[in-house]
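Order of listing sets the numbers, starting from 1, for every ligand and every atom in it. Nothing here was measured: the structure is a model prediction, and the numbers come from that model.
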Amino acid sequence: MADFRFTAVSTNPMQNTLRFITLISFVLLNVNGVFAQVYARNGLVVSSSAIASEVGRDILKRGGNAVDASVATAFALAVTHPTAGNIGGGGFLVFMDSSGTATSIDFREKAPLKASPTMFLNEEGELNKGKNLYGSESTVNHIGALSVGVPGTVAGLYLAHQKYGSLPWSDLVQPAIDLAEKGFPLNWSLFQAAAYFEANSPIPFLRDYFKNDQGEQLEFGELWKQPELAKTLKEIRDYGRDGFYKGFVAKEIVRFMKENGGIITLEDLDRYTAVERKPIKGSFKGYDIYSMPPPSSGGVALIEMLNIMENAHLDSVEFNSAAYFHLIAETMRRAYADRAEYLGDPDFNLTMPLDKLTSKAYALSRFNSIDLTQASISDSSKFGQMYDGSHTTHFSVADAFGNVVSLTYTLEHSYGSGMGSSALGFLFNNEMGDFNPQPGSTNRDGQIGTDPNLIQPEKRMLSSMCPTIVAKDGRAFLVIGSPGGRTIINTVFQTVLCVLAYDMPVDKAIEATKIHHQWLPDRMYYEEALLSPDTRLVLEEMHHTLVPVKVLGQLMGIQIDADNKIMMGASDSSSPDGGAVGY
Ligand code: DON
């Protein structure tokens, strides 16, 4: 594949013409490719499970549009990529049709009706700690049945299909049922999870999750069948949204919650609705940016950061230099401070200053506050935020009609709460942990207690997910997103910057060195294998505190050359099982 890196779609039209001749033969040869990087003419799906990408591609081949393929891919991921693919969690979908009209579907989980701002506090008003699934210490808002938000995925996919799908709903759920019923070979990452949970899981559901018909732990490569999940999916296939929020699935969810100390009721499930929202829109260097509005902070912070960067003379800022990382870290610091102060569920926070935060004028004032020679200090007397793990999943879809979908959804932590009913076969999220758990309590460890994101009945918790579409002249140009908790906005930001400002093809942009700064804690996290010692030294001299991490982001992107009708998809090399599949 490496020989073809230089045939990628470019922002430079001259280069595209030269690349086209080489590319066309490659396209014709790779009509069914499953690679980390793939070219296609008619449709493309890039997800963290190559099997799920194939499911989406097959739907496209049958004449389905990008929304149809997204619904099918999302259900398939719930079977093949259960660390984050789900029906027991929630997320966001951003859609742009062939006329350049963009919309979004919000299917973020909600707090149950019985939830309250202080539900996780003990009698002294403190937030207790306990052990999470992985044996590490965690605050209680991420543990157990109380950490489960009312799931949104099925309602969201159903709404997207009702409004924008074209193939029958049942055709889109069926491939996931087949995968669950007939099984698929247990891959290496699932096998490792299976071995870990069998030995360590405090939760019986996860201990038994990867067992075969005889109740034995599966071997690597053995078919993993999930008959209970298949049964749940059949109910969803036959009854749509109601197959999850009413009937035997809903009753079993509520029974399970009651038995395990949870508070989700039939009324919560019945009342849950997904919402269509106008995407957040911005611009950068002549491109239009569409991303997710609140209750995600993703779109607002992304656009604020791109606006700030528009004021920098990037032509003279070398990519990968200390000056580049300093500039983007300072940009991140400012956007994340605003995120902490202002953002939450728009249905509960009616006066969020979204126009201001995404305006060019505000970005200029933020840019002017950056000292190009040294790090600012994050004011820890104000608000702070914690660094999250990296288990959510994003996929990007483009169809032959010119429609694209950017979808990110999650269970919050890897395998969510780890809890599930053995009769239903799927995992519940632990998304309640994304609310601010202790009103008024903001501390240097990164916990925040600001009002916009306090727990209230039926409120959606603030997210960082950032499914994004970049368009040029009303046509989709880049479809991108990532998992990674708070790091999501920054990895998407840097990838968009690499493509639009540094003219990298999307595959190269996905692999490019990333950093992460989230205001508080006041740290610059960097990918340890990718930042040179010299650059680190200069950054430290500028008073940045550097913290190495293995990898940032697991981006799944599609870049489209609409004039030449070529799509290029790339799945991050950090994704062990991901794949771009086109035709
Ligand atoms: O919505 C959010 O921002 C988080 N629940 C996403 C979680 C994630 O990416 C993985 N991390 N813990």
Side-chain angles (χ1 to χ4, degrees), residues 47-48 77 81-86 88-94 104-111 132-134 136 138-139 141-143 147-153 156 291-302 335-336 339-340 343-346 385-395 406-418 427-437 446 448 452-453 455 459-468 480-493 514 516 518 525 549-556 572 574-575:
S47 83
S48 37
L77 280 163
H81 188 68
T83 174
N86 69 80
F92 306 111
L93 177 157
V94 181
S104 74
I105 306 282
D106 166 6
F107 53 100
R108 182 69 159 165
E109 299 93 325
K110 283 184 166 197
N132 68 16
L133 287 185
Y134 304 95
S136 24
S138 164
T139 47
N141 53 335
H142 268 121
I143 302 171
S147 74
V148 182
V150 182
T153 296
S291 192
M292 198 61 211
S296 186
S297 58
V300 175
L302 172 68
Y336 275 72
R339 173 195 189 277
L343 301 183
D345 183 343
Q385 300 167 5
M386 302 249 277
Y387 176 75
D388 275 341
S390 60
H391 293 284
T392 288
T393 191
H394 175 84
F395 62 86
S406 190
L407 190 152
T408 315
Y409 71 152
T410 187
L411 289 167
E412 165 60 349
H413 285 166
S414 188
Y415 296 92
S417 64
L427 285 151
F428 292 116
N429 68 81
N430 59 343
E431 216 77 54
M432 290 294 286
D434 271 358
F435 279 116
N436 298 348
I448 48 175
N453 191 35
I455 305 171
K459 195 184 205 178
R460 297 172 204 260
M461 53 298 277
L462 185 65
S463 170
S464 300
M465 290 188 280
C466 194
T468 297
I480 193 78
S482 177
R486 302 276 155 83
T487 70
I488 293 173
I489 317 170
N490 285 333
T491 55
V492 172
F493 164 58
K514 306 275 184 317
H516 170 70
Q518 57 173 40
Y525 300 88
V549 291
K550 258 203 160 59
V551 71
L552 287 165
Q554 198 178 93
L555 294 125
M556 301 285 152
D572 202 320
S574 66
S575 166

If the cut-off is 4.0 Å to any non-hydrogen atom of [X], which atoms of ligand 1 fall inside it?
X	answer
His391	8 (C), 10 (C), 11 (N)
Ile488	9 (O)
Glu431	1 (O), 4 (C), 5 (N)
His413	12 (N)
Met465	1 (O), 3 (O)
Gly484	9 (O)

Selected option - heavy-atom contact closest to atom 1 (O) of ligand 1, from Ser414, Ser463, Gly416: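 Result: the heavy atom closest to atom 1 (O) of ligand 1 is in Ser463.
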Arg108 and ligand 1 - part of the residue with a heavy-atom distance under 4.0 Å: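 Arg108 to ligand 1: side-chain contact only, backbone stays beyond 4.0 Å.
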Part of Met461 within contact of ligand 1 (heavy atoms, under 4.0 Å):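 No part of Met461 comes within reach of ligand 1.
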With nothing but distance in play, are any N or O atoms of [X] less than 3.5 Å from an N or O of ligand 1?
X	result
Leu462	no
Glu412	yes
Thr410	no

Criterion salt bridge (charged side-chain N to carboxylate O under 4.0 Å, His left out) on Arg108 and Asp434, from CA distance to verdict: CA-CA 11 Å; Arg108 182 69 159 165; Asp434 271 358; 2.7 Å; yes
Residue list, side chain to side chain contact (heavy atoms under 4.5 Å, CB included) with Ser575, at least two apart or on another chain: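 Ser48, Gln554, Met556.
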Within the side chain of [X], is there an N or O that forms a donor-acceptor pair under 3.5 Å with the backbone of [Y]?
X	Y	result
Ser291	Pro467	yes
Ser482	Val492	no
Tyr336	Arg486	yes

Between Thr468 and Ser406: side-chain donor-acceptor atoms closer than 3.5 Å: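 The answer is no; no qualifying pair exists.
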For Arg460, all residues meeting salt bridge (charged side-chain N to carboxylate O under 4.0 Å, His left out), sequence neighbours excluded: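 Asp106.
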Approximate separation, where rounding is to 0.5 Å, of Glu109 CD and Tyr409 OH: 12.0 Å
